[in-house]
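Please read the structure below before turning to the comments.
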Protein chains: 2
Amino acid sequence: MSTKHELKGLPEDADLRRADSLAREIFSDVANKWAFLIVEALGERTLRFSELRDEVEGVSHKMLTQNLRMLERNGLVDRKVHPTVPPRVEYTLTAAGRGLRATVDAMCGWTHEHLGHIEDARRRFDA
Amino acid sequence: MSTKHELKGLPEDADLRRADSLAREIFSDVANKWAFLIVEALGERTLRFSELRDEVEGVSHKMLTQNLRMLERNGLVDRKVHPTVPPRVEYTLTAAGRGLRATVDAMCGWTHEHLGHIEDARRRFDA
DNA sequence: CAGCATCCCATTTGATACTG
DNA sequence: CAGTATCAAATGGGATGCTG
């Protein structure tokens with residue numbers, strides 16, 4: 001963690017709290033359906049905006065831009081603009097982004113593993 | 001996967017599609033800030049409603065109930081009502097819930113690992 | 001093509017009050 | 001204590017039109 005320590009010599013608890021609140025903030029940013037689906041869609045590939053829109057089924061132009069901005073801001077995707085005409089913008093996961101992807105993958109795996117259990121639970125609950 | 005096959009002898013693609021769409025649905029249910037924070041807070045413990053509300057900082061009464069219902073419906077938390085007065089309701093992760101928790105934990109770990117990178121990316125972006 | 005801005009409706013969320 | 005109901009406020013999200 002590259003966080004600079006406080007000048008005033010505060011207990012490092014202060015740093016921990018700052019880190020935790022940031023973590024929570026990031027967590028909230030990223031723990032969202034579209035972000036996950038975008039990260040999943042990108043995987044190891046580099047995709048253009050329009051390719052992503054096709055890939056992430058059901059996402060609107062607006063949500064895609066919004067989430068891409070957010071992911072870029074948090075250093076999870078790399079946005080490369082080719083100054084051609086027509087413009088060409090490519091998105092790729094950064095190292096951090098690939099790290100996140102691993103956890104999202106795990107979650108997908110988890111979902112599939114427990115599909116049966118979940119379907120059953122739902123039937124029971126809905127009755 | 002315990003899904004029963006269709007009577008009509010449809011190609012198993014049909015099952016796969018059903019499974020995928022269910023997975024996506026679950027994914028959407030669960031890929032939400034509060035659900036994650038609740039699962040994290042529960043961990044290996046059994047907590048009462050009010051304890052959870054204190055534990056998950058910032059969650060409103062309503063969001064907590066709503067997400068707990070959702071998690072219960074999907075078979076991720078077990079809800080045990082003690083018919084005492086005053087009432088006592090306890091929540092615990094099921095096996096499936098603990099599986100999800102593992103992936104959420106991974107995501108927390110990931111967040112902490114990349115805090116520095118993310119902070120930097122943000123500063124750069126916001127400028 | 002990518003993306004910003006705007007308008008507008010739908011959903012989510014929080015605060016409050018009420019019940020078993 | 002746990003949970004439901006209700007209303008208002010905030011946010012999410014789609015559609016459209018405009019720009020480089």
Side-chain angles (χ1 to χ4, degrees), chain A residues 24-39 41-42 45-74 76-93 124-127, chain B residues 24-39 41-42 45-74 76-93 124-127:
Chain A
R24 187 167 244 256
E25 203 187 312
I26 294 161
F27 207 67
S28 302
D29 264 15
V30 165
N32 117 41
K33 176 183 165 180
W34 293 128
F36 278 17
L37 292 173
I38 291 169
V39 166
L42 272 176
R45 302 177 289 174
T46 290
L47 293 178
R48 307 181 52 171
F49 183 87
S50 45
E51 291 171 333
L52 261 173
R53 196 187 36 213
D54 296 343
E55 208 68 26
V56 179
E57 141 154 6
V59 74
S60 72
H61 189 128
K62 188 182 179 179
M63 285 303 98
L64 186 54
T65 339
Q66 225 169 72
N67 278 279
L68 282 172
R69 285 295 158 284
M70 178 275 286
L71 291 171
E72 187 193 355
R73 181 171 120 86
N74 287 310
L76 303 183
V77 305
D78 185 47
R79 176 164 175 273
K80 177 147 201 178
V81 184
H82 295 84
T84 59
V85 44
R88 180 185 185 85
V89 182
E90 295 181 328
Y91 294 91
T92 318
L93 290 182
R124 244 176 291 120
F125 187 95
D126 294 343
Chain B
R24 188 166 242 256
E25 203 187 311
I26 294 162
F27 206 67
S28 302
D29 265 13
V30 166
N32 118 42
K33 174 184 166 180
W34 294 127
F36 278 17
L37 293 174
I38 290 168
V39 167
L42 272 176
R45 301 179 289 174
T46 291
L47 293 178
R48 305 180 52 170
F49 183 86
S50 45
E51 292 170 333
L52 262 174
R53 196 188 36 212
D54 295 343
E55 209 68 27
V56 180
E57 140 155 7
V59 74
S60 71
H61 188 127
K62 190 179 177 180
M63 284 304 97
L64 186 54
T65 344
Q66 222 168 74
N67 278 279
L68 282 172
R69 285 295 161 285
M70 179 275 285
L71 291 170
E72 186 193 355
R73 182 171 119 87
N74 286 309
L76 304 184
V77 306
D78 185 48
R79 175 165 176 271
K80 176 146 201 178
V81 184
H82 295 82
T84 60
V85 45
R88 179 185 187 85
V89 183
E90 294 181 329
Y91 294 91
T92 319
L93 290 182
R124 243 177 293 121
F125 187 94
D126 294 342

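Keep in mind that what you see is a predicted model, and the values were worked out from it rather than measured. By convention in this document, chain letters (A, B, ...) are assigned in the order of the sequence lines, proteins followed by strands, and residues within each chain are numbered from 1.
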Nucleotide [N], atom [atom2] - distance to [atom1] of [X] in whole Å:
X: A:L47; N: C:dC1; atom1: CG; atom2: P; result: 16 Å
X: B:M63; N: D:dT4; atom1: CE; atom2: P; result: 13 Å
X: A:K33; N: D:dG12; atom1: NZ; atom2: C1'; result: 12 Å
X: A:N67; N: D:dG14; atom1: CG; atom2: P; result: 11 Å
X: A:L68; N: C:dA2; atom1: CG; atom2: P; result: 11 Å
X: B:L64; N: D:dT4; atom1: CG; atom2: C1'; result: 14 Å
X: A:L37; N: D:dG13; atom1: CG; atom2: P; result: 12 Å
X: B:W34; N: C:dT13; atom1: CH2; atom2: P; result: 9 Å

Report yes if at least one side-chain N or O of [X] is closer than 4.0 Å to OP1 or OP2 of [N]; otherwise report no.
X: B:Y91; N: D:dG3; result: yes
X: B:S50; N: D:dA2; result: yes
X: A:R48; N: C:dA2; result: yes

Looking at [options], which one has an atom nearest to any side-chain atom of [X]?
X: B:K62; options: D:dT6, D:dG14, C:dG3; value: D:dT6
X: A:F49; options: D:dA2, C:dA2, C:dG14; value: C:dA2
X: B:V89; options: D:dA2, C:dA2, D:dG14; value: D:dA2
X: B:P87; options: C:dG20, D:dG13, C:dC1; value: C:dG20

About how many Å separate [atom2] of [Y] and [atom1] of [X], when rounded to the nearest 0.5 Å?
X: A:M70; Y: A:I38; atom1: CE; atom2: CD1; answer: 7.5 Å
X: B:K80; Y: B:R48; atom1: NZ; atom2: CZ; answer: 14.0 Å
X: A:F36; Y: A:N67; atom1: CZ; atom2: CG; answer: 11.0 Å

Does B:R69 reach a base, just sugar-phosphate, or nothing at all? Heavy atoms under 4.0 Å.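 Sugar-phosphate, no base atom in range.
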
With sugar-phosphate meaning primed atoms plus P, OP1 and OP2, does B:R79 contact a base, only sugar-phosphate, or nothing at under 4.0 Å between heavy atoms?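 Contact class for B:R79: sugar-phosphate only.
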
Between B:R53 and A:G58, just flag the one whose closest nucleotide in DNA chain D comes earlier from the 5' side.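 Of the two residues, B:R53 wins.
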
Pairwise 5' ranking along DNA chain D for B:R88 and A:V59, keeping only the more 5' one: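 Here B:R88 is the residue nearer the 5' end.
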
At how many degrees, to 10°, do the end axes of the helix from C:dC1-D:dG20 to C:dG20-D:dC1 meet when each uses five pairs?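 The end-segment axes of the helix from C:dC1-D:dG20 to C:dG20-D:dC1 are tilted 40° relative to each other.
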
Hey, is the side chain of A:H61 pairing donor to acceptor with the base of D:dG14 inside 3.5 Å?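 There is none.
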
Answer whether the closest heavy-atom distance between the side chains of A:R79 and A:R69 falls below 4.5 Å.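 The answer is yes, as the side chains (C-beta and beyond) meet within the 4.5 Å cut-off.
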
Identified side chain to side chain contact (heavy atoms under 4.5 Å, CB included) partner of A:L93 from the options A:L42, A:T46, A:L71, A:D78: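 Only match with A:L93 under side chain to side chain contact (heavy atoms under 4.5 Å, CB included): A:L42.
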
Assess whether side-chain contact (heavy atoms from CB on, under 4.5 Å) is satisfied between B:F49 and B:T65, documenting all intermediate values. CA-CA 8 Å; B:F49 183 86; B:T65 344; 4.1 Å; yes

Under-4.0 Å salt bridge between B:R45 and B:E55: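 B:E55 and B:R45: salt-bridged.
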
If only atom types and distance count, is the side chain of A:N74 paired as donor or acceptor with the main-chain N or O of A:L76 below 3.5 Å?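 Side chain of A:N74 to backbone of A:L76: no pair is present.
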
